[in-house]
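See structure below.
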Amino acid sequence: MTGWYPIFFKEILQFKRKLLRLGYIFSAMMSPIIYLVTFGLGLGKTVMLAEGTDYLTFLLPGLVAMSSMNNSYSWVASALNLSRLYFKTFQVYIQSPVNPFSIMVGEVLAGVVKGLFASLLIIAVGFVVPSDFSITPLFIITLLLNCFMFASLGVITGMITKSHEDTATYSNFFIMPMAFFSGTFFSIDRIPLIFKPLIYIMPLTHTNIVIRKSNLDLDGTISLTVLIFYCFIFFIIGSRLIKKYNE
Amino acid sequence: MILIDNISKTYGKTKALDSLSLEIRQGEIFGLLGPNGAGKTTLIKILTTLTKPDAGTCIINGKNVILSPQEIKSIIGVVPQENNLERELTVYENLLIYGMLHKVSELKKKIEEILIKMELSSKKHSVINTLSGGFQRRVLLARALLPQPKILFLDEPSIGLDPNIRRELWQIIRGIKSEGRTVLLTTHYIEEAEALCDRVGILSRGKLIAFGTPLELKRDIGEYVVEFTDNKGRLVSEICHSREKAHDIAKNKNDGVTIRKSNLEDVFLKLTGERIRDIERE
């Protein structure tokens, strides 16, 4: 079961090269900081929250969840799509004596690292701005699960898209709505009842519920279970897509 | 070594391979010759587990490619038509990752050995994107040879290379054969098939239309070709089995008659009525 390591190693090697270009770090931080400034310091004042909660304390865990989702998902989906359709480097894995499960593990773990890195940048900002933002063990577990879940979803997208443009289409349909309607910027309690079932289907909603909790209550336990379920389902589907790969 | 039995593969309405059967012996260089779209790459993809056939079976070293892909993958090396090296990584990093994927023991030592063998030591830390096409091909070959595969698949190995580099590559491929490895290569270069291959299979529109040593194939159609211009100004050729017959034909023609030895392009022309290079242009 060490077949995943070369895949992980390669992805991290390439990631390291990109990190050395200053532009990458700034671009990874750009949109969360824009959201932080626009919502946290501007529009956020109009958002109604429970008594005693300041908006930045509410917003920062959501931004971490959103950023980890975007980075875990996009890096994996885009890199896999390009390596499969354009650079044909994915075929090297398929022609190697590595089982599909190991390929999946390697890709997902690399996605987790990329998601965590982007999250760390936001967390660092979180400690600079005035808020009661804190990190609990539950926060870390949720963050890891979120990265794992969206990296697995990234594999699915990377495997089923027929062109690189398709990844943007999937992102517009699934990732973008999740970023805005899953409780990142405002509480899902404020969403009309009719839309709630849709909101609760979105995996990021459950990340946002758990990541803001300091202790695991009933709501948190249900959301954590949903997250684990999504991780499992996405991982299995991704592994099967790799196993069934056929040109 | 490789037994291909009644393989068919269709993409949409296009029949890429049509009931193809073939046997490739251990230790030989076998060439699949044919124009683009003949089905050569599809066959390589099936044999290297990238594509599943619609019908038929392939046995490599006693194992069924579809039922036991993992066993097959551990004894093959592949040089694809397109450069699929990690372009932003160095030569060494590419070899290291590939060696890890193939669980090569004493990996670092073997990388050094293959770099020396392929005359790539000076490029060890060069990023792939900075190398010329010829060097990139060498790295692809070095990568495929690193796990010391029993069978090497080369899909159009010299495509896009200039003649000098192509000849250097041929020397390397001959060296691989001398180590006892089986080589299956695809090409649409007649000269390459004649210079390298012990036996050749000629593919046209997914079917195997001829099969044998280059010499046998040429003998079957006739070893001499008389080329001349007909009264409409078209270049016409006649194939004959003896030099005497060729001279007889040439005597009755006007100026501009050429007598030459037949080649595999003539074999293809005789069997299909088309020239490989004409189909390439279509």
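Lettering follows sequence order; numbering is per chain, from 1.
Taking each heavy atom of B:Gln70 and A:Pro97 in turn, the nearest pair found is NE2-C, 3.4 Å.
Residue contact with chain A, scored on non-hydrogen atoms closer than 4.5 Å, involves the backbone of B:Asn83 exclusively. Contact of B:Glu82 with chain A is made through the side chain alone, with heavy-atom distances under 4.5 Å. Residue B:Leu85 touches chain A through its backbone alone, counting heavy-atom pairs closer than 4.5 Å.
Per-residue counts of heavy-atom pairs under 4.5 Å with chain A were compared for B:Glu86, B:Lys52, B:Lys103, B:Arg143; the largest is that of B:Glu86.
No side-chain donor-acceptor contact under 3.5 Å links B:Lys73 to the backbone of A:Val98.
Here the straight-line distance linking atom OG1 of B:Thr90 with atom CG of A:Leu13 works out to 7.5 Å at 0.5 Å rounding. Distance check, rounded to the nearest 0.5 Å: OH of B:Tyr98 to CD of A:Gln95 gives 7.0 Å. In this structure, CZ on A:Phe9 lies 11.0 Å from CG on B:Leu101, to the nearest 0.5 angstrom.
Contact residues of residues 72-92 of chain A toward chain B are A:Phe87, A:Lys88, A:Thr89, A:Gln91, A:Val92 (heavy-atom distance under 4.5 Å). Within residues 106-120 of chain B, no residue has any heavy atom less than 4.5 Å from a heavy atom of chain A.
Using a 4.5 Å heavy-atom cutoff, the side chains of A:Lys18 and B:Glu88 are in contact.
The 12-atom threshold is exceeded at CZ of A:Phe15, counting heavy atoms of other residues, nucleotides or ligands nearer than 6.0 Å. Within 6.0 Å of CZ in A:Phe180 there are more than 12 heavy atoms belonging to other residues, nucleotides or ligands. Dense packing is recorded around NZ of B:Lys124, with more than 12 heavy atoms of other residues, nucleotides or ligands lying under 6.0 Å away. Within a 6.0 Å sphere centred on CZ of B:Arg87, other residues, nucleotides and ligands contribute more than 12 heavy atoms. Around CD of A:Glu247, the count of heavy atoms belonging to other residues, nucleotides or ligands within 6.0 Å exceeds 12.
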Practice problem: Let me see the working for A:Asn246 and B:Leu50 under side chain to side chain contact (heavy atoms under 4.5 Å, CB included), right down to the final yes or no. | Solution: CA-CA 6 Å; A:Asn246 184 24; B:Leu50 272 185; over 6 Å; no
